[in-house]
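Presented below is the structure to which this report refers.
Here is how names work: the chains are called A, B, and so on, in the same order as the sequence lines, proteins then strands, and each is numbered from 1. Note that this is a predicted model, so its numbers are computed, not measured.
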Amino acid sequence: MPPISIEEPKADAHGDLSTNFAMVAASLQKMPPRKIAAAIVDNLQDSDGLLEKAEIAGPGFINFFVKPKAWQPVLQQIHLAGERYGASAFGKGRSIQVEFVSANPTGPLHVGHGRGAAVGDSMGNILAYCGFQVEKEYYINDSGRQIRTLGLSVFLRYQELCGRKIDFPEDCYQGAYIRDLALRIKNDKGDQLLHEKQEDAIGFCARLAADEILDGIRSDLNDFGVTFDVWFSEQSLYDTGRVDKTIKDFQRRGSVYEHDGALWFGSSAFGDEKDRVVVRKNGLTTYFASDIAYHQDKYSRGFDRVIDVWGADHHGYIPRVTAAVEASGYRRNQFHVILVQLVNLLRGGEPVAMSTRAGEFVTLRDVVGEVGTDAARFIFLSRHYESPLDFDLELAKQKSNDNPVYYVQYVHARICSMIRKAAENGIGDIDYDETAVARLTEPEEILLLKTLSRFPEAVQSSAENLEPHRITFFLMNLASVFHTYYNKHRVLTDDPVLSRGRLYMVEAVRKVIQNGLALLGVSAPEKM
RNA sequence: GCGCCUGUAGCUCAGCUGGAUAGAGCAACGGACUUCUAAUCCGUAGGUCGCAGGUUCAAAUCCUGCCAGGCGUACCA
């Protein structure tokens with residue numbers, strides 16, 4: 001049996017609420033759907049007097065039209081709830097971890113990391129707003145070969161600065177920042193490192209470089225409005241023996257076996273396409289081993305659910321990590337991966353040339369410096385994260401209606417301006433007034449009230465589906481509805497009662513815009 | 001080869017837990033500022049929802065096959 005639904009139709013002609021009940025019941029009752037609908041409509045009770053009319057339409061839909069006064073109470077709800085309007089207890093206090101960015105500390109963040117940062121940060125805000133206990137975490141890949149490669153890269157540049165001839169291998173980090181780090185070491189230590197054992201020198205360079213780069217990442221993210229509750233070091237998993245413990249744990253569970261001199265995790269038993277090596281023939285653990293340990297550690301800290309935000313190029317890892325979670329005794333639905341597609345950076349429609357190999361890429365810092373945090377975050381959140389995103393620097397800088405951030409922020413600024421004006425005219429307090437609110441009956445006003453009343457469900461569906469862009473689309477729609485209203489009706493009129501009602505409504509719009517933008521991490525300016 | 005993602009207006013994308021006539025912005029064209037911010041609004045035009053089958057009273061949405069693009073398929077990190 002198809003589900004019975006009650007929904008808000010897309011077309012105004014179909015009323016405010018609509019149900020397919022009669023159509024679903026038709027086959028059970030063996031009666032024509034329209035006849036069932038008629039019986040229902042004839043027997044409707046409306047004790048609150050909110051119903052304007054009910055109509056039977058199409059194959060047997062029942063469409064309900066509601067009176068204006070049914071929508072008006074939402075305004076008082078918004079004013080009473082304030083910055084909590086849209087919040088809910090949906091998460092029931094369950095704890096959830098969102099891990100995102102987690103870029104290797106081997107170079108500065110680029111635009112793609114910015115998208116992941118915006119998505120993860122906003123997702124965390126939304127989940128917290130919906131009653132989850134949220135922790136935001138950054139996983140620092142500060143161990144393994146890449147860090148040594150970083151150290152080697154810096155040490156080579158250092159030797160170069162000391163006047164030695166060097167070969168700079170292709171698999172070393174090519175960016176100019178490597179030279180900057182080398183120069184800093186040279187200024188600090190002179191040629192002292194040349195006299196140390198090479199491995200010690202490389203190790204020194206590695207630690208210093210990783211620390212410096214991580215500091216840079218931290219401050220870039222901070223300037224982008226992104227902060228973390230926990231910065232988790234991969235190296236700490238080795239230092240505390242957590243990786244060994246995990247391998248022993250898997251041995252106890254019978255999840256690993258030896259083959260060809262290596263130790264394999266039987267991930268294919270949990271849906272992966274093949275088994276994976278955790279300890280190599282040479283005795284060294286793989287990256288995957290520490291990843292298993294890391295995820296075990298997450299759950300052992302008591303999180304009900306774990307969300308990892310990854311770049312789309314890592315999607316091949318989902319089955320094996322999911323397998324590891326399940327093999328560790330947790331349910332696979334406690335683990336979610338949000339795959340963020342790549343960002344194409346454009347300038348005026350032309351692709352910005354970026355070569356990772358040559359280390360030439362536009363950093364997040366550059367982009368944020370050029371277009372601003374608000375524009376960057378809003379654009380990152382203006383698409384489903386699974387679609388590739390064209391980020392046009394020229395467009396992002398434009399202060400026009402081509403740029404959706406300003407379109408939304410402008411609503412907030414406009415309303416603030418009206419409120420200032422109202423205060424000058426002696427309407428300082430915008431309080432609830434039943435007779436004033438009852439005057440809000442224009443079609444554009446009803447549409448505005450309806451739109452406002454949908455904000456809580458937009459937030460919740462955003463949390464349920466882990467899709468921050470739903471908030472962005474809600475805000476753009478609300479902004480559009482508001483701008484239309486603004487151009488058609490005056491808020492401050494000669495009629496004081498009507499003006500109070502409209503001010504009350506417009507202030508509610510402002511609050512909802514503010515709440516929505518806050519979830520996205522975008523500011524709500526009072527003047528523009 | 002196998003796996004994942006994407007294919008909707010000229011462009012960029014929503015809609016995809018099935019509902020009525022498939023939406024928005026940009027671009028094009030035509031209008032609206034002596035009036036609360038024109039960073040705005042109104043109107044016109046624009047479509048075989050990649051293709052073909054299937055399920056259903058109903059499919060952009062679910063299933064199958066195919067086509068096109070992107071990505072991934074290490075005892076690398």
Side-chain angles (χ1 to χ4, degrees), chain A residues 2-3 5 7 9-11 13-14 18-20 23-24 26-27 33 57-61 63 104 106 141 143-149 171 234 259-264 272-274 276-291 311-319 339 341-342 346 349 382-390 392 395 398-411 413-422 424-425 461 464-465 469-470 472-473 476-477 479-480 482-493 499 502-503 506 527-528:
Chain A
S5 66
E7 56 182 35
K10 290 174 204 156
H14 299 142
S18 174
T19 179
N20 64 348
M23 280 138 69
V24 174
S27 55
F61 289 103
N63 296 332
N104 295 341
T106 54
N141 293 106
S143 126
R145 213 183 71 182
Q146 67 207 331
I147 293 297
R148 192 191 175 275
T149 304
D171 60 352
E234 181 189 9
H259 178 69
D260 278 351
L263 193 66
W264 296 69
D272 196 6
E273 59 183 13
K274 53 176 279 198
R276 308 289 173 178
V277 170
V278 285
V279 182
R280 287 183 269 166
K281 205 185 282 180
N282 63 11
L284 296 176
T285 55
T286 60
Y287 175 84
F288 183 45
S290 54
D291 236 1
D313 52 340
H314 289 90
H315 75 251
Y317 278 78
I318 297 175
L339 279 186
Q341 283 287 343
L342 69 148
L346 308 174
S382 66
R383 299 233 185 315
H384 190 119
Y385 43 70
E386 276 182 4
S387 334
L389 171 68
D390 288 335
D392 195 309
L395 203 146
Q398 250 175 64
K399 295 186 158 65
S400 73
N401 54 357
D402 290 2
N403 195 342
V405 207
Y406 300 116
Y407 186 77
V408 173
Q409 289 184 320
Y410 193 53
V411 172
R414 260 188 164 172
I415 294 172
C416 287
S417 167
M418 269 188 275
I419 288 167
R420 284 191 296 269
K421 190 95 180 178
E424 287 167 21
N425 296 351
S461 81
E464 275 179 288
N465 296 287
H469 77 279
R470 292 179 186 238
T472 315
F473 279 89
M476 290 196 284
N477 181 247
S480 161
F482 172 79
H483 284 313
T484 299
Y485 174 74
Y486 179 89
N487 276 275
K488 185 149 182 189
H489 302 284
R490 284 191 60 87
V491 171
L492 305 174
T493 66
S499 300
R502 288 183 169 173
L503 262 179
V506 140
K527 282 182 185 171
M528 285 172 75

Item checked: Under 4.0 angstrom between A/Arg414 side-chain N/O and B/A38 OP1 or OP2 -> yes
Next item on the list: Check every strand shown and say whether A/Gln341 touches a base, only sugar-phosphate, or nothing at a heavy-atom separation below 4.0 Å.
Entry: sugar-phosphate
Next item on the list: Check A/Gln146 against A/Asn141 and note the closest heavy-atom contact, atom names and distance.
Entry: NE2-O, 3.3 Å
Margin query: Between C1' on B/G25 and NE2 on A/His483, what's the gap in Å once rounded to a whole number?
Written below: 13 Å
Check: Can you tell me how far P in B/A27 sits from the matching atom in B/C62, rounded to whole Å?
Finding: 33 Å
Note to self: Does B/A39 have OP1 or OP2 under 4.0 Å away from a side-chain N or O of A/Tyr406?
What the structure shows: no
Checklist line | For A/His384, side-chain hydrogen bond (donor to acceptor under 3.5 Å, both in side chains) partners two or more places apart | finding: none
Check: If you take all heavy atoms of A/Leu503 and A/Val491, which pair is closest and at what distance?
Finding: N-CG1, 3.9 Å
Note to self: Whole angstroms only, please: what is the CG-C1' distance between A/Asp313 and B/A74?
What the structure shows: 15 Å
Check: Can you tell me if A/Ser499 and A/Thr493 form a side-chain donor-acceptor pair at under 3.5 Å?
Finding: yes
Note to self: Nearest 0.5 angstrom please: A/Gln341 CD to A/Tyr385 OH, how far?
What the structure shows: 11.5 Å
Margin query: Distance check, C1' atoms only: B/U8 and B/A22, in whole angstrom units.
Written below: 8 Å
Note to self: Rounded to whole Å, how long is the line connecting atom CD of A/Glu424 with atom C1' of B/U37?
What the structure shows: 13 Å
Next item on the list: Sticking with atom C1', work out how far B/U35 lies from B/C41, rounded to a whole angstrom.
Entry: 15 Å
Item checked: Pairwise C1' distance for B/C67 and B/G25, with rounding to whole Å -> 30 Å
Margin query: Measure CG/A/Asp272 against P/B/G3 and give the value in whole Å, please.
Written below: 14 Å
Next item on the list: Check A/Val279 against A/Val277 and note the closest heavy-atom contact, atom names and distance.
Entry: O-CG1, 3.5 Å
Margin query: Whole angstroms only, please: what is the CG-P distance between A/Leu342 and B/C4?
Written below: 20 Å
Checklist line | Whole angstrom value for the distance that separates P of B/U40 from OH of A/Tyr486 | finding: 13 Å
Notebook entry, point to check: So what does A/Asp171 hit on the nucleic acid, given a heavy-atom distance under 4.0 Å: a base, only sugar-phosphate, or nothing?
Noted result: nothing
Margin query: Rounding to an integer number of Å, can you tell me how far A/Met476 CE sits from B/G15 C1'?
Written below: 13 Å
Notebook entry, point to check: Between A/Tyr485 and A/Arg502, is any side-chain donor less than 3.5 angstrom from a side-chain acceptor?
Noted result: yes
Check: Between which residue ranges does RNA chain B form stems of three or more consecutive Watson-Crick or G-U wobble pairs, both distances under 3.5 Å?
Finding: B:1-7 with B:67-73, B:10-13 with B:23-26, B:28-32 with B:40-44, B:50-54 with B:62-66
Next item on the list: Of all the heavy-atom pairs spanning A/Ala289 and A/Val278, show the shortest one and how long it is.
Entry: CB-O, 3.5 Å
Pick out the pairs of N or O atoms, protein on one side and nucleotides 9-14 of chain B on the other, that lie under 3.5 Å.
| unit_1 | atom_1 | unit_2 | atom_2 | d |
| --- | --- | --- | --- | --- |
| B/U12 | O2' | A/Arg383 | NH2 | 2.3 |
| B/C13 | OP1 | A/Pro388 | O | 2.9 |
| B/A14 | OP1 | A/His384 | N | 3.1 |
| B/A14 | OP1 | A/Ser387 | OG | 2.6 |

Note to self: With the 90 degree cut-off around zero defining syn, does B/C13 come out syn or anti?
What the structure shows: anti
Checklist line | Separation between CZ of A/Arg470 and CG of A/Asn465, rounded to the nearest 0.5 Å | finding: 4.0 Å
Next item on the list: Measure the CZ-NE2 distance between A/Arg383 and A/His469 for me, rounded to the nearest 0.5 Å.
Entry: 10.5 Å
Check: Within the structure shown, what part of the strands sits under 4.0 Å from A/Lys527 by heavy-atom distance: base, sugar-phosphate, or nothing?
Finding: base
Margin query: I need the CG-P distance between A/Leu339 and B/G72, as an integer number of Å.
Written below: 12 Å
Check: Which of these nucleotides, B/C36, B/A20, B/U37, is closest to any side-chain atom of A/Phe61?
Finding: B/A20
Check: What nucleic acid atoms does A/Ser417 come within less than 4.0 Å of, heavy atoms only: base, sugar-phosphate, or nothing?
Finding: base
Next item on the list: In whole angstrom, give me the gap between the P atoms of B/G72 and B/U55.
Entry: 39 Å
Next item on the list: Return no unless some side-chain N or O of A/Ser18 is found under 4.0 Å from OP1 or OP2 of B/G19.
Entry: no
Item checked: Among B/C42, B/U17, B/U40, the nucleotide that comes nearest once only the side chain of A/Thr484 is considered -> B/C42
Next item on the list: With heavy atoms under 4.0 Å as the rule, sort A/Asp260 into base, sugar-phosphate or nothing.
Entry: base
Item checked: 5' precedence on RNA chain B between A/Gln146 and A/Tyr410 (nearest-nucleotide basis) -> A/Tyr410
Margin query: Checking contacts here: which listed nucleotide (B/C2, B/C16, B/C75) is nearest the side-chain heavy atoms of A/Glu273?
Written below: B/C2
Next item on the list: For B/A32 versus B/U21, give the span between their C1' atoms, rounded off to a whole number of Å.
Entry: 29 Å
Checklist line | Euclidean distance for C1', B/A20 against B/U61 (whole angstrom) | finding: 15 Å
Next item on the list: Using the C1' atom on both, measure B/U6 against B/G43 and round to a whole Å.
Entry: 35 Å
Checklist line | Atom of A/Trp264, atom of A/His259 and distance for their closest heavy-atom approach | finding: NE1-O, 3.1 Å
Notebook entry, point to check: Which is true for A/His315 with a 4.0 Å heavy-atom rule: it touches a base, it touches only sugar-phosphate, or it touches nothing?
Noted result: base
Check: Looking across every strand, which nucleic acid part, if any, lies under 4.0 Å from A/Arg490 by heavy atom: base, sugar-phosphate, or nothing?
Finding: base
Next item on the list: Classify the nucleic acid contact of A/Asn141 as base, sugar-phosphate or nothing, counting any heavy atom under 4.0 Å across all strands shown.
Entry: nothing
Next item on the list: Look up atom CG in A/Asp291 and atom OG1 in A/Thr286, then write down how far apart they are to the nearest 0.5 Å.
Entry: 9.0 Å
Margin query: Regarding B/G72, can its base be found pairing with the side chain of A/His314 as donor and acceptor, where the two atoms are less than 3.5 Å apart?
Written below: no
